[in-house]
Amino acid sequence: MNTSSCLIMRMYRWKNYIFNKDKYKTMRVFLGITISLFICHIACTQPFTHRDTLRGSITPERSWWDLKYYDLAVDFDIDKRFIKGSNTISFDVIKSAQTMQIDLQEPLAITHVEYKGNPLNYSRNGSVYLIQFPYPLSAGTSDRLSVFYEGHPIEAGLPPWDGGITWEKDVNGEPFVASSCQGIGASTWWPCKDHMSDEVDSMLIRITTPSSLMDVSNGRLRQIEYHADGRHTYHWFVSNPINNYGVNVNIANYTHWSDTLHGEKGILDLDFYVLEDNYDKARVHFQDAYRTLRAFEYWFGPYPFYNDGYKLVEVPYLGMEHQSSVTYGNKYQMGYLGSDLSATGWGLKWDFIIVHESAHEWWANSVTYKDMADMWIHESFANYAESLFLDYHYGRNAANEYVIGTRLRIINDKPIIGPYNVNGKGSKDMYYKGGNMLHTLRTWLNDDVLWRKVLRGLQQEFYHQTVTTDQVETYISKATGKDLHAFFNQYLRDTRIPNLEMKTKGSKLSYKYSDVVEGFNMPLRILISENESTWINPTTEWQDFKANRPVDYFRVDPNFYVEVVGSR
Ligand SMILES: [Zn+2]
C-alpha cells in the first residue's frame, strides 16, 4: 500500500465514526485527529522517499527491457577530479514501451543521448533520467542507445561503506584513485540501470588515464590504446554477467605479476596489482589468495569466473568484492587490519580482506541478490566462508571457535532482511548472526557431506544469476529435506534469539522453547555429561527427557546459536 491510499483509508474510517455525532465539535476533533495521524504517518514512513522507490524498485520504466551489454568509456581528469564519458547500452525489449529509466547521480549529468545517430529527449528527476524514444520499441527486438555524461562524481566519504570515487595519493605522491559503490550505486560514477535485479551478459570497460598511470578494472585487459596527447585508454573486457557495484576502476602507478592455479575447472589465471613500494611484501602476503581459492573451491565449487581470471588489486581503502578484481587495502596485515574479529586467535591466521572479499566471488558476484533487502545472501555466506576457510586449513574446532567467537558482535537490533523496493538493507547482523545462523543449520544437519552438497548445489542452481531470499530458502529446504521456513523466519526476520528453557529434577530433564516464531522446532543436541550427548526436539510446550540416572550436568551444544535458561 502506498502512503496516500493508507492515509485516505484511515481518514475515511474516522470520518464515518465521528460525523454521526455533534457536527461541529466532531469536525474539530476530526481535523485534530487527521493532523495527528498525518504527522504520525509521515514520521512512520519518512525514512523512505519517492527517490528511494525510484532507486530501489523495478519501475515501469525499468521493467520492459533486459540488459545485454554495456560499453562504458570514461576519461579520468585526475587533477580536476572530473570525469567524462559514455555508456552504450544494449538491451532486449520484453514489452513494447517508449520511456526508459537511466540512473546517474548528481553532481554528474547526462549531456546527451543518442539513438540511431539522432538525439533523444529526456527529463531529469534527481538521479533518475527518463529517456524518450521517438516511438514505442517493439517487443522481441534488440536495441541500443548511447548515453553521454560528465561532471565531478561523488567523492567517497568513508569507502567502501560510504562510497563514490576516492582520490588519494600514494606515498610517492602519485595519484591513487578508485571507485567503490556498493549500496550507494554505480550511478555515482556512470549512467546505468542501477538496480541489482538485471545484469548485462558481458561488458567492456574503457578507462582513459594519464600516461604515467594504469587502470585495472574487471575481467581481462584486451588492449591499451595510446593517444597523441600521451594519455592511455585501458580496455578491460568482462565475459560474464556482472552486477553494477561489481564494476570498478582503479588507477595508480601499479606494478604487476601473474601466476596460475590448477583448480577444479582447470588452469585459473591469477594477476596481482600492487603499488611498487609494496611489491616484495605483497609477493609473500598474497599467498593467502591461493589458500583462499583452494578452500572455497572445496566448499563452494569452482571459482565462478575462470574465463575472466582472478585479480587482487591494491586500493586506497579497506577492500571490496569487485568481480574478478578483488580490491585490497588491509595493509598487508593478518586479521582485520591486524585485529581478530572473533577474539579467539583464529582470526589472525589469515588476511581477512583476501578471504572475505574473495568469498564474495561466489556469494555476491555469481549468486547475487535482486534487492538489497536480501543482502544477507552476500554477507552471511561470505561471513561463514571465513569459518569454512579455517575448517579447510586448520580443522573443525578452529572453525567452530571462530564463528562462535564472533557472536560478541551480534546486536539483534533489527531483522537481517531489510525493507524491499527502496534500496534498503537490514541489520549489520547479516554478517556475524548470519554466519552463526548458517553454522547452526550445519550443526542441525549434522552431516558435512550434505552441508557441502547444499553449498555447492546453491552455487550450481543459481550460477551467474540474481536471486531472492525465497529462492535460497526454498532450495535449502528442498536439498536438506527439512521445512526451514520457521528457522529462517526466526533468524532473518526476527530479532529474538531462540531461548531454551531447561529444568531438572532427579533423572528428569524438562525443556521447552520460548522467544521463538510460530512453528520453530529446531532439534538440539544436548550434553548430559562431559562426553554423552543426545538430541531433543523442543517446541513451545514443556517436554521431559528421562535419563537413567540423576541429571546433574546439561549443556546445549554451543554450536547452536540459541540461549539457554536452566534451573535445577
Ligand atoms: Zn562482505
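Values below: every heavy atom of this structure, side chains too, minus hydrogens, waters and symmetry copies. Order of listing sets the numbers, starting from 1, for every ligand and every atom in it.
The minimum distance between the Zn ion (ligand 1) and any N, O or S atom of Glu379 involves atom OE1. The atom of His356 that is an N, O or S and sits closest to the Zn ion (ligand 1) is NE2.
Between Phe487 and Trp444, the ring centre distance stays below 6.0 Å.
The side-chain contact (heavy atoms from CB on, under 4.5 Å) search around Thr208 returns Asp75, His227, Arg231, Thr233, not counting sequence neighbours.
Side chain to side chain, Glu314 and Tyr332 meet the donor-acceptor criterion of an N or O pair below 3.5 Å.
With 2.8 Å as the limit, Glu321 does not count as an N, O or S neighbour of the Zn ion (ligand 1). Residue contacts to the Zn ion (ligand 1): His378 brings no N, O or S atom closer than 2.8 Å.
Screening Asp198, Asp194, Asp103 against Arg62 for a side-chain hydrogen bond (donor to acceptor under 3.5 Å, both in side chains) leaves a single residue, Asp103.
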